[in-house]
Amino acid sequence: MQKIVFSGVQPSGMLTLGNYLGAIRQFVALQDEADQAYYCVVDLHATTVRHDPKTLRDYTLMVSKLYLASGIDPNRATIFVQSHVPEHAELAWLLQCVARTGELSRMTQFKEKGGDKETVSVGLYTYPVLMAADILLYQTTHVPVGEDQKQHLELTRDLAERFNRDYGEVFRLPETIIPDVGSRIMSLDDPTKKMSKSNPSEMGRIHLLDPDDIIEKKIMRAVTDSENVIRYDPEKKPGVSNLLAILALVRGEHPEVLAEAFSGQGYGALKRSVADAVLEVLRPIKERYEHLTDEETLKILREGADRAQAIARKTYREAAQAFGYICRESS
Ligand code: ATP
Ligand code: LTN
């Protein structure tokens with residue numbers, strides 16, 4: 001069976017070190033292993049909360065460039081913008097008629113983003129169904145994501161299974177790939193919360209394009225604890241463990257082993273090593289980003305959308321036909 005990888009990132013802000021270590025690094029590794037890899041900039045998802053149209057356009061281009069700068073190769077993977085392939089919204093509608101309000105009400109991310117308020121958009125509520133459509137359109141076998149997306153992937157499998165059972169075998173059930181370490185990089189100023197690109201606190205996150213001195217400052221000021229003992233214990237020592245996890249990921253080592261190596265040293269030494277490692281891993285990304293033009297990025301996105309749409313259209317038609325919508329053209 002072919003290995004088909006799909007994943008997406010929202011253009012809802014500047015990408016963070018959490019996005020890179022939790023998701024994008026896996027995207028780069030998987031483009032070589034997979035028979036097909038699709039990496040989408042999910043702009044339809046980014047409009048489920050209040051947004052500024054101009055900022056959305058800027059971030060859409062910026063995230064696309066950061067995909068390229070991080071090492072995603074348009075010759076090995078298909079990079080595209082979600083709204084350029086309308087089948088995503090079309091299949092989402094069909095799947096909204098398969099999904100149940102009960103299962104969407106149980107989505108923890110919806111609740112965390114204010115789902116109890118009457119003023120949140122209907123799009124925020126149905127967002128996991130759009131995500132299922134993204135994945136199922138490409139007959140995806142593997143979806144690399146961070147820990148926070150696990151529940152959405154379970155819903156995707158449930159919807160695919162229900163559709164296949166009730167209307168005929170159209171969709172493949174995807175597997176989730178979540179890294180053991182790095183699936184949840186925590187905020188630097190509040191290590192009990194996830195490092196998130198849309199959180200108002202700037203000091204909690206490292207942007208991939210932050211200048212070196214700002215990165216150093218954010219890491220050197222990271223919240224730890226008063227014990228001054230280096231130990232990997234995410235429950236009891238979330239700040240120190242987060243720094244160890246970041247260092248381990250960047251160096252390709254284990255956080256427990258690193259903790260041993262740092263034993264007897266203070267938090268200052270650990271922070272210095274983390275800062276140096278992060279600066280080194282981000283340097284080539286920043287350099288490549290500077291050299292990418294809007295024109296060449298837009299060309300890659302157009303070609304990506306053409307390739308993606310050819311596959312998406314085929315799956316959508318199969319699903320629509322199985323569901324009872326008659327075809328406009330004879331296919
Ligand atoms: P937002 O703050 O707008 O919700 P986000 O920073 O959580 O955004 P997404 O676009 O939702 O980012 O996520 C893109 C990918 O990055 C997803 O696979 C997600 O699981 C992963 N990811 C996001 N934040 C982290 C983090 N702190 N640690 C590890 N992975 C993360
Ligand atoms: N919901 C995800 C982004 C996302 C996604 C996808 C990830 C949208 N569609 C399909 C994997 C596969 C998020 O907020 N991180």
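For ligands, and for the atoms within them, numbers begin at 1 and follow the listed sequence. As the structure is a prediction and not an experimental result, all values here were calculated from the model.
- Among Asn19, Asn242, Ile246, the residue whose heavy atom lies nearest to atom 14 (C) of ligand 1 is Asn19.
- Atom 20 (O) of ligand 1 has as its closest protein heavy atom Asp148 OD1, 2.5 Å.
- Residue Ser183 touches ligand 1 through its backbone alone, judged by heavy-atom distances below 4.0 Å.
- Ion pairing between a basic and an acidic side chain is recognised when a charged N comes within 4.0 Å of a carboxylate O; Lys286 and Asp212 show such pairing.
- Aromatic ring centres of His88 and Phe80: separated by under 6.0 Å.
- For atom 7 (O) of ligand 1, the nearest non-hydrogen atom from the set Met195, Arg205, Lys197, Lys194 belongs to Lys194.
- Under 4.0 Å from ligand 1, not a single heavy atom of Met14 appears.
- Looking at Asp225 and Tyr267, their side chains do bring a donor and an acceptor atom within 3.5 Å of each other.
- A salt bridge is defined here as a Lys NZ or Arg NE, NH1 or NH2 lying under 4.0 Å from an Asp or Glu carboxylate O, and Asp294 with Lys65 meets this definition.
- Within the model, atoms NZ of Lys197 and CD of Gln10 stand 5.0 Å from one another, a figure rounded to the nearest 0.5 Å.
- In terms of polar-atom proximity, defined here as any N/O pair under 3.5 Å, Asp134 does make such a contact with ligand 2.
- By the 3.5 Å distance cut-off applied to N or O atoms, Glu147 is not counted among the residues near ligand 1.
- With distances taken over non-hydrogen atoms, the option nearest atom 17 (C) of ligand 1 out of Pro179, Ser196, Gly146 is Gly146.
- At a heavy-atom distance under 4.0 Å, atoms from both the backbone and the side chain of Val145 approach ligand 1.
- The shortest N or O to N or O distance between Met186 and ligand 1 is not under 3.5 Å.
- With a 4.0 Å cut-off on non-hydrogen atoms, Leu130 does not touch ligand 2 at all.
- Residue-level proximity to ligand 2 for Val143 is carried by the side chain, the only part with a heavy atom below 4.0 angstrom.
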